[in-house]
Participant: 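Below you'll find the structure I mean.
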Amino acid sequence: MLKFLSRVKIEFNALDPRTASCMEFLAQCNSRKAKESNPACEVEVKRGKVECAPQITVTFVNGVEEVFDATATPAQNIRNLILEKGRQLETEQMFREAGESWPVIIPEEELSQIAPPTKVSSHFQLYLLGLLYFYS
């Protein structure tokens, strides 16, 4: 998960009963696997008398920052959103490295084309004929 992030900031009041998502997300960030995926990712925790609701702010490696309301969003959902956006970043980088434009624009005429038929092996054709014969 940290592989796609450059910074994580978790803010909560230690006495606030709504901190479960923050604590779970912090535990995920501190796991050995997460730390090994990106040791350079900075994880900052602000505890204390924070007056606002618990929140998690993540900065992706491309600089995009996203803030999550930790009272309304479970830690697993935040993790899944990070992984989804990270896969998009990887795909975009792969296309750019290959010299392709991003986003990929598929011409309208290609979207409406009918796919060519696939070749079916002769063994499979005989099997289907046998089934037709057996059930007829």
Side-chain angles (χ1 to χ4, degrees):
M1 169 185 64
L2 294 182
K3 172 182 174 183
F4 307 114
L5 304 175
S6 60
R7 186 166 187 252
V8 175
K9 184 175 166 185
I10 302 172
E11 299 175 88
F12 61 93
N13 182 335
L15 301 175
D16 191 331
R18 305 171 296 167
T19 62
S21 187
C22 284
M23 299 307 287
E24 184 181 339
F25 192 77
L26 178 59
Q28 289 179 10
C29 289
N30 286 330
S31 75
R32 182 180 51 82
K33 187 175 179 181
K35 286 183 175 182
E36 287 175 355
S37 72
N38 184 2
C41 181
E42 178 187 335
V43 178
E44 179 185 347
V45 180
K46 288 184 120 182
R47 293 170 240 211
K49 297 184 178 184
V50 179
E51 297 302 322
C52 64
Q55 70 178 24
I56 299 169
T57 306
V58 297
T59 307
F60 289 88
V61 291
N62 65 351
V64 174
E65 188 175 277
E66 198 160 330
V67 180
F68 298 99
D69 176 5
T71 61
T73 314
Q76 192 62 34
N77 289 10
I78 296 171
R79 182 179 184 275
N80 290 340
L81 290 167
I82 291 169
L83 292 174
E84 182 180 320
K85 190 168 258 187
R87 284 190 289 274
Q88 290 174 351
L89 288 172
E90 281 184 329
T91 303
E92 178 181 346
Q93 182 180 358
M94 184 177 63
F95 271 83
R96 292 186 192 270
E97 287 173 357
E100 298 292 331
S101 62
W102 185 264
V104 176
I105 308 295
I106 301 172
E108 185 66 37
E109 61 272 5
E110 287 185 24
L111 289 173
S112 60
Q113 286 181 348
I114 298 172
T118 57
K119 184 177 178 182
V120 178
S121 73
S122 58
H123 295 305
F124 187 66
Q125 287 175 343
L126 289 173
Y127 172 76
L128 289 176
L129 287 173
L131 285 176
L132 286 173
Y133 177 75
F134 181 75
Y135 287 108
S136 58

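Atom set for the values below is all heavy atoms of this structure, side chains included, hydrogens, waters and symmetry mates excluded. Note that the numbering runs from 1 along the sequence shown for the chain.
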Participant: Under 3.5 Å, is there a donor-acceptor pair between the side chain of Thr57 and the main chain of Val67?
Facilitator: no

Participant: Side chains of Phe12 and Ile56, heavy atoms from C-beta outward: is any pair under 4.5 Å?
Facilitator: no

Participant: Are the side chain of Asp69 and the backbone N or O of Ala53 linked by a donor-acceptor pair below 3.5 Å?
Facilitator: no

Participant: Would you sort out whether Asn38 and Phe4 count as a side chain to side chain contact (heavy atoms under 4.5 Å, CB included), showing the intermediate values?
Facilitator: CA-CA 8 Å; Asn38 184 2; Phe4 307 114; over 6 Å; no

Participant: List in chain and number order the residues that pass side chain to side chain donor-acceptor pair (under 3.5 Å) with Arg18, two or more places apart in sequence or in another chain; answer none if no residue qualifies.
Facilitator: Asp16

Participant: Determine, using the 4.5 Å side-chain heavy-atom cutoff (strictly less than), whether Ile106 and Trp102 are members of one ILVMFWY cluster.
Facilitator: yes

Participant: Enter the distance from Glu66:CD to Leu5:CG here, rounded to the nearest 0.5 Å.
Facilitator: 10.0 Å

Participant: Could you check whether any side-chain heavy atom of Phe60 comes within less than 4.5 Å of a side-chain heavy atom of Ile82, counting everything from C-beta outward?
Facilitator: yes

Participant: Any non-hydrogen side-chain atom of Met94 less than 4.5 Å from a side-chain atom of Glu100?
Facilitator: no

Participant: When hydrophobic residues are tied together by side-chain contacts of less than 4.5 Å, even through go-betweens, does Leu89 share a cluster with Phe95?
Facilitator: no

Participant: Check side chain to side chain contact (heavy atoms under 4.5 Å, CB included) between Arg7 and all other residues, then give those that pass, not counting sequence neighbours.
Facilitator: Lys9, Glu42, Glu44, Thr59

Participant: For the residue pair Gln55 and Phe68, establish whether any side-chain heavy-atom pair is separated by less than 4.5 Å.
Facilitator: no

Participant: Checking Glu65 now: which residues fulfil salt bridge (charged side-chain N to carboxylate O under 4.0 Å, His left out) with it, not counting sequence neighbours?
Facilitator: none

Participant: Main chain of Glu109, side chain of Ser112: is a donor-acceptor contact present, judged purely on distance under 3.5 Å?
Facilitator: yes

Participant: What are the two closest heavy atoms between Met1 and Leu83, and how far apart are they?
Facilitator: CA-CD2, 3.8 Å

Participant: Distance from Leu81 atom CG to Gln76 atom CD, nearest 0.5 Å?
Facilitator: 10.5 Å

Participant: Assess whether atom CG of Leu111 is packed by more than 12 heavy atoms of other residues, nucleotides or ligands within 6.0 Å.
Facilitator: yes

Participant: Out of curiosity, Cys29 SG to Glu24 CD, how far, rounded to the nearest 0.5 Å?
Facilitator: 11.0 Å

Participant: Taking the side chain as every heavy atom from C-beta outward, state whether Val8 and Cys41 have any atom pair closer than 4.5 Å.
Facilitator: yes

Participant: Among Glu92, Glu84, Glu90, whose side chain to side chain contact (heavy atoms under 4.5 Å, CB included) with Gln88 holds?
Facilitator: Glu84

Participant: Got a second to check how far Leu2's CG is from Ser31's OG, nearest 0.5 Å?
Facilitator: 7.0 Å

Participant: Taking atom CD of Glu108 as the centre, report whether more than 12 heavy atoms of other residues, nucleotides or ligands fall under 6.0 Å from it.
Facilitator: no

